[in-house]
Amino acid sequence: KQGGIPPQGAYNESWKFTTGIPSITLRLKVIPESIINKFNFYPFKLKVYLRNSSSPYEIIDSTEAFIKNHNFFSELYFMNAVSGNYYIVLDNGKYLETWSKAGGTTLLSHNLNQYDFSSHPSQAYGNNQTSVGDINCIYSGDLNNDGFIDLEDISIVDNGVFNFIKGESITDLNNDLITDIEDFAIAD
């Protein structure tokens with residue numbers, strides 16, 4: 001039960017806490033193409049998975065990256081993964097799911113591991129990034145999560161523009177809290 005915030009004595013939703021020392025710490029840099037040149041953007045989350053680097057590529061652990069400023073770094077803590085070779089997989093519902101370089105990358109327990117998707121196209125599996133100047137960025141606009149940025153995704157953004165959606169929304173590709181023509185241009 002909670003106290004102090006009306007209605008007093010009401011039951012809260014359950015909270016989940018993980019305690020302990022993370023097994024793998026990863027300093028991750030990833031830049032979505034939709035905000036590379038934005039000076040003001042609302043912080044956003046990326047779901048980050050560690051997948052086995054060999055078939056069937058099962059998910060070993062996951063966490064969330066919280067990107068809040070223009071250095072685009074986030075420090076991630078994986079509690080269940082141990083030293084090994086993994087694919088780092090990015091997903092959040094706005095961006096094309098992106099996997100780390102072919103063959104995966106070695107992450108060591110109890111070390112600060114680093115991975116920078118933006119440093120070279122080959123940092124993403126199949127060079128699956130777009131270049132904005134000399135910076136490599138993940139693609140923005142796969143709103144229906146089907147692995148393609150196509151007319152269906154553009155239609156979703158178009159509806160958001162028509163309704164002038166304000167606040168957090170998957171259609172707000174540049175994270176300025178307004179779905180407008182700029183978001184449509186990014187998806188297009």
Side-chain angles (χ1 to χ4, degrees), residues 1-18 26-49 59 62-78 88-100 115-118 123-124 128-188:
K1 290 186 173 184
Q2 72 180 10
I5 301 173
Q8 288 189 352
Y11 285 94
N12 287 347
E13 292 182 28
S14 58
W15 290 16
K16 180 180 177 183
F17 294 93
T18 304
L26 174 63
R27 188 166 193 252
L28 180 71
K29 184 174 185 179
V30 58
I31 305 172
E33 69 172 324
S34 56
I35 61 173
I36 184 63
N37 292 320
K38 295 292 288 185
F39 293 103
N40 295 314
F41 64 86
Y42 189 75
F44 63 95
K45 293 179 190 175
L46 279 174
K47 189 72 173 178
V48 180
Y49 300 94
I59 295 172
S62 66
T63 191
E64 288 186 337
F66 190 64
I67 311 294
K68 55 187 172 190
N69 59 43
H70 284 90
N71 70 17
F72 296 100
F73 278 104
S74 184
E75 195 161 301
L76 309 177
Y77 305 102
F78 295 95
I88 302 166
V89 181
L90 311 173
D91 191 17
N92 90 334
K94 289 185 186 185
Y95 311 118
L96 191 64
E97 182 178 279
T98 306
W99 290 43
S100 60
Y115 198 85
D116 183 355
F117 275 91
S118 68
Q123 291 294 94
N128 193 23
Q129 296 188 85
T130 184
S131 294
V132 178
D134 60 347
I135 299 172
N136 300 285
C137 303
I138 60 173
Y139 287 100
S140 300
D142 183 19
L143 304 181
N144 62 1
N145 293 313
D146 65 356
F148 302 97
I149 300 171
D150 55 15
L151 190 55
E152 288 181 42
D153 302 297
I154 292 172
S155 176
I156 294 168
V157 174
D158 187 41
N159 286 333
V161 170
F162 180 79
N163 292 308
F164 200 64
I165 295 175
K166 293 182 179 179
E168 290 184 62
S169 169
I170 64 164
T171 57
D172 177 25
L173 296 177
N174 62 4
N175 286 53
D176 64 358
L177 300 179
I178 300 171
T179 301
D180 55 15
I181 196 67
E182 191 175 337
D183 301 295
F184 182 84
I186 292 166
D188 189 42

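Keep in mind it's a predicted model, so treat the numbers as computed, not measured.
Closest approach of Asp153 and Ile149 over heavy atoms only: OD2-CA, 3.3 Å. The minimum heavy-atom distance linking Ser140 with Ile186 is given by the pair CB-CG2, 3.9 Å. Of all non-hydrogen atoms in Tyr139 and Glu33, the two that sit nearest each other are CA-OE2, 3.5 Å. Summarising the geometry of Lys29 relative to Asn71, their closest heavy-atom pair is CE-O, 3.4 Å, with the distance given to 0.1 Å. The two atoms that bring Cys137 and Pro32 nearest to each other are CB-C, 4.0 Å, heavy atoms only.
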Q. Step by step, would you call Ile135 with Ile31 a side chain to side chain contact (heavy atoms under 4.5 Å, CB included)?
A. CA-CA 9 Å; Ile135 299 172; Ile31 305 172; 3.6 Å; yes
Discussion item. Run Asn136 and Thr130 through side chain to side chain contact (heavy atoms under 4.5 Å, CB included) and show every step you take.
Written reply: CA-CA 6 Å; Asn136 300 285; Thr130 184; over 6 Å; no
Go through it in stages, so that I can follow the logic: the residues are Phe164 and Thr179, the test is side chain to side chain contact (heavy atoms under 4.5 Å, CB included), and I'd like the CA-CA distance, side-chain angles, deciding distance and then a yes or no. CA-CA 6 Å; Phe164 200 64; Thr179 301; over 6 Å; no
| said: Please evaluate residues Asn92 and Lys47 with respect to the criterion side chain to side chain contact (heavy atoms under 4.5 Å, CB included), reporting the C-alpha separation (whole Å), side-chain torsions for both, the decisive distance (0.1 Å), and the verdict. | reply: CA-CA 6 Å; Asn92 90 334; Lys47 189 72 173 178; 5.6 Å; no
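The distance from atom OG1 of Thr171 to atom CD1 of Ile165, rounded to the nearest 0.5 Å, is 4.0 Å. For the atom pair CD1 of Ile36 and NE2 of His70, the computed distance is 8.0 Å after rounding to the nearest 0.5 Å.
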Show me the side-chain donor-acceptor pairs of residues 154-163 shorter than 3.5 Å, one per line, residues at least two apart or across chains.
residue, atom, partner, partner atom, Å
Asn159, ND2, Ser155, O, 3.4
Asn163, ND2, Asn159, O, 3.0

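Applying the side chain to side chain contact (heavy atoms under 4.5 Å, CB included) rule to Ser100 yields the partners Tyr87, Ile88, Tyr115, Phe117; only residues at least two apart in sequence or on another chain are considered. Applying the salt bridge (charged side-chain N to carboxylate O under 4.0 Å, His left out) rule to Glu64 yields the partners Lys45; only residues at least two apart in sequence or on another chain are considered. Scored by the side-chain hydrogen bond (donor to acceptor under 3.5 Å, both in side chains) test, Thr98 finds no partners at all (sequence neighbours excluded). Scanning for side chain to side chain contact (heavy atoms under 4.5 Å, CB included) contacts around Ile181 gives Phe184, with sequence neighbours left out. For Ser62, there are no side-chain hydrogen bond (donor to acceptor under 3.5 Å, both in side chains) partners at least two apart in sequence or on another chain. For Ser118, the side-chain hydrogen bond (donor to acceptor under 3.5 Å, both in side chains) test picks out Asp116, with sequence neighbours left out. Considering only residues two or more places apart in sequence or on other chains, Ser74 meets the side chain to side chain contact (heavy atoms under 4.5 Å, CB included) condition with Ala65, Ile67, Leu76. Residues meeting the side-chain hydrogen bond (donor to acceptor under 3.5 Å, both in side chains) test with Asn145, sequence neighbours left out: none.
With hydrogens and angles disregarded, a donor-acceptor distance shorter than 3.5 Å links the side chain of Asn175 to the backbone of Tyr42. Of the possible donor and acceptor atoms, none in the side chain of Asp91 sits under 3.5 Å from a partner among the backbone N and O of Val48. Judged purely by atom type and a 3.5 angstrom limit, Asn174 has no side-chain atom pairing as donor or acceptor with the backbone of Ser34. Checked by atom type and distance alone, the side chain of Ser131 never pairs as donor or acceptor with a backbone atom of Gly133 at under 3.5 Å.
Every pair tested for salt bridge (Lys or Arg N to Asp or Glu O under 4.0 Å) that includes a residue from residues 133-144 fails, sequence neighbours excluded, so the list is empty. Applying the salt bridge (Lys or Arg N to Asp or Glu O under 4.0 Å) rule to pairs touching residues 177-187 yields Lys38-Glu182, sequence neighbours excluded.
Between Tyr95 and Glu97, the side chains place no donor N or O within less than 3.5 Å of an acceptor N or O (distance only, hydrogens not considered).
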